[in-house]
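Notes to accompany the following structure.
All values below come from the heavy atoms of this structure, side chains included, with hydrogens, waters and symmetry mates left out.
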Amino acid sequence: ATARARRVGSSAASIATVAGLGAALAWGFRYGAQHLEVTALEVPIPGLSERLRGIRVAHLSDLHIGNGTEDGRLTAIVEKTNALAPDLVVITGDLFDHDPRHLAAGAQRLAGLRAPLGVYAVLGNHDLMTGREQVADALARHAPALRLLRDECVRLHAAAPLYLAGIED
């Protein structure tokens, strides 16, 4: 009877897990993609130069331009990011979402991002599905100040040595 009870309990847990994942995905598509969340975190980095204390990094991820984040919504994200007055802006993957028709306009809006230490991005899997080289070309053409890191490391022009590495998908 105990083995059977464990199987029933395990099956119930599996069903609950799958249902929970399904609900999370549904929420993400319905509400999460339209919700912009700003979270301030202080990240202690042992050994970081005192001259870099207080550096402000704006981290954007999973913009999925072309899946509801284009046009006015993307402009609002750029404006809100700039209003935070970051020292550095990093965009980690999935800038675009499958549809290359949004590349030029999306890159033009991303060109509005501003930070003294620069704006950097890496490609994610959705960018690869959109077309890795097409995304890179659109960014180079329409957002030349945005530096796309393609499996490389760069030294930032900061008050002390600071390096940023970017590995695409």
Side-chain angles (χ1 to χ4, degrees), residues 17 20-98 102-103 105-128 130 135-136 138-140 142-169:
T17 300
L21 289 172
L25 283 171
W27 179 89
F29 282 111
R30 176 75 174 135
Y31 173 75
Q34 302 304 313
H35 177 70
L36 177 62
E37 180 178 325
V38 176
T39 304
L41 298 173
E42 188 171 318
V43 181
I45 303 174
L48 184 68
S49 170
E50 194 62 36
R51 294 183 296 176
L52 295 173
R53 182 176 295 276
I55 191 170
R56 296 169 52 95
V57 179
H59 174 210
L60 305 174
S61 187
D62 296 279
L63 294 173
H64 292 277
I65 299 167
N67 191 15
T69 309
E70 55 281 343
D71 305 326
R73 175 148 170 74
L74 182 55
T75 299
I77 290 169
V78 168
E79 289 172 354
K80 191 166 194 170
T81 301
N82 288 339
L84 296 171
D87 297 300
L88 172 67
V89 174
V90 295
I91 309 171
T92 52
D94 292 350
L95 285 79
F96 294 91
D97 195 82
H98 301 288
H102 298 281
L103 290 173
Q108 288 168 354
R109 283 183 170 74
L110 291 176
L113 289 167
R114 300 281 182 261
L117 295 178
V119 178
Y120 295 85
V122 293
L123 301 178
N125 66 315
H126 285 250
D127 301 308
L128 301 182
T130 304
V135 171
L139 292 172
H142 301 290
L146 185 153
R147 171 83 185 269
L148 185 60
L149 296 177
R150 303 187 78 183
D151 302 332
E152 60 186 306
C153 181
V154 296
R155 182 176 177 175
L156 304 180
H157 298 289
L162 182 63
Y163 294 88
L164 184 65
I167 300 171
E168 63 185 56
D169 190 50

Query - Point-to-point distance, once rounded to the nearest 0.5 Å, from CZ of F96 to CG of L63 - result: 8.5 Å
Query raised in the report: Would you find a donor on one side and an acceptor on the other, under 3.5 Å apart, between the side chain of R56 and the backbone of L84?
Result: yes
Query - Atom CG of L48: over 12 foreign heavy atoms under 6.0 Å - result: yes
Which side-chain N or O atoms in residues 115-126 pair as donor and acceptor under 3.5 Å with protein atoms at least two apart or in another chain?
{"residue": "H126", "atom": "ND1", "partner": "D97", "partner atom": "OD1", "Å": "2.9"}
{"residue": "H126", "atom": "ND1", "partner": "H98", "partner atom": "NE2", "Å": "3.2"}

Query - Test side chain to side chain contact (heavy atoms under 4.5 Å, CB included) applied to L95 and D127, L103, T130, the passing residue - result: D127
Report task. Give the C-alpha distance, both sets of side-chain angles, the deciding distance and a yes or no for side-chain contact (heavy atoms from CB on, under 4.5 Å) between L110 and L113. Result -> CA-CA 6 Å; L110 291 176; L113 289 167; 4.1 Å; yes
Report summary line: Contacts satisfying salt bridge (Lys or Arg N to Asp or Glu O under 4.0 Å) that involve residues 142-154 (not counting sequence neighbours) are E133-R150, R147-E152, R150-E168
Report summary line: Those residues at least two apart in sequence (or on a different chain) that pass side chain to side chain donor-acceptor pair (under 3.5 Å) with R51 are none
Requested in this report: Enter the distance from I45:CD1 to L162:CG here, rounded to the nearest 0.5 Å.
Outcome: 8.0 Å
Requested in this report: Of all the heavy-atom pairs spanning A136 and L148, show the shortest one and how long it is.
Outcome: CB-CD2, 3.7 Å
**Report entry** Pairs where residues 68-89 contributes a residue and the test ring pair (Phe, Tyr, Trp, His ring centres under 6.0 Å) is met, not counting sequence neighbours
**Finding:** none
Report task. Would you list the pairs meeting side chain to side chain donor-acceptor pair (under 3.5 Å) in which at least one residue belongs to residues 81-91, sequence neighbours left out? Result -> none
Requested in this report: Show the numbers, then the answer: is there a side-chain contact (heavy atoms from CB on, under 4.5 Å) between V57 and V43?
Outcome: CA-CA 10 Å; V57 179; V43 181; over 6 Å; no
**Report entry** By side chain to side chain donor-acceptor pair (under 3.5 Å) - contacts of E79 (at least two apart)
**Finding:** none
Report task. Over all heavy atoms of both residues, which pair between A107 and A138 is shortest? Give the atoms and the distance, please. Result -> CB-O, 3.5 Å
Query - side chain to side chain donor-acceptor pair (under 3.5 Å) involving T92 - partner list, sequence neighbours excluded - result: H59, S61
Query raised in the report: With sequence neighbours left out, what residues match R155 under side chain to side chain donor-acceptor pair (under 3.5 Å)?
Result: none
Query raised in the report: CG/L60 to CD1/I77 distance, rounded to the nearest 0.5 angstrom?
Result: 7.5 Å
Query raised in the report: Restricting to pairs with a member in residues 156-167, which pass side chain to side chain donor-acceptor pair (under 3.5 Å), not counting sequence neighbours?
Result: none
Query - salt bridge (Lys or Arg N to Asp or Glu O under 4.0 Å) partners for E42, two or more places apart - result: none
Report summary line: When rounded to the nearest 0.5 Å, the distance separating CG of D62 from CD1 of I91 is 11.5 Å
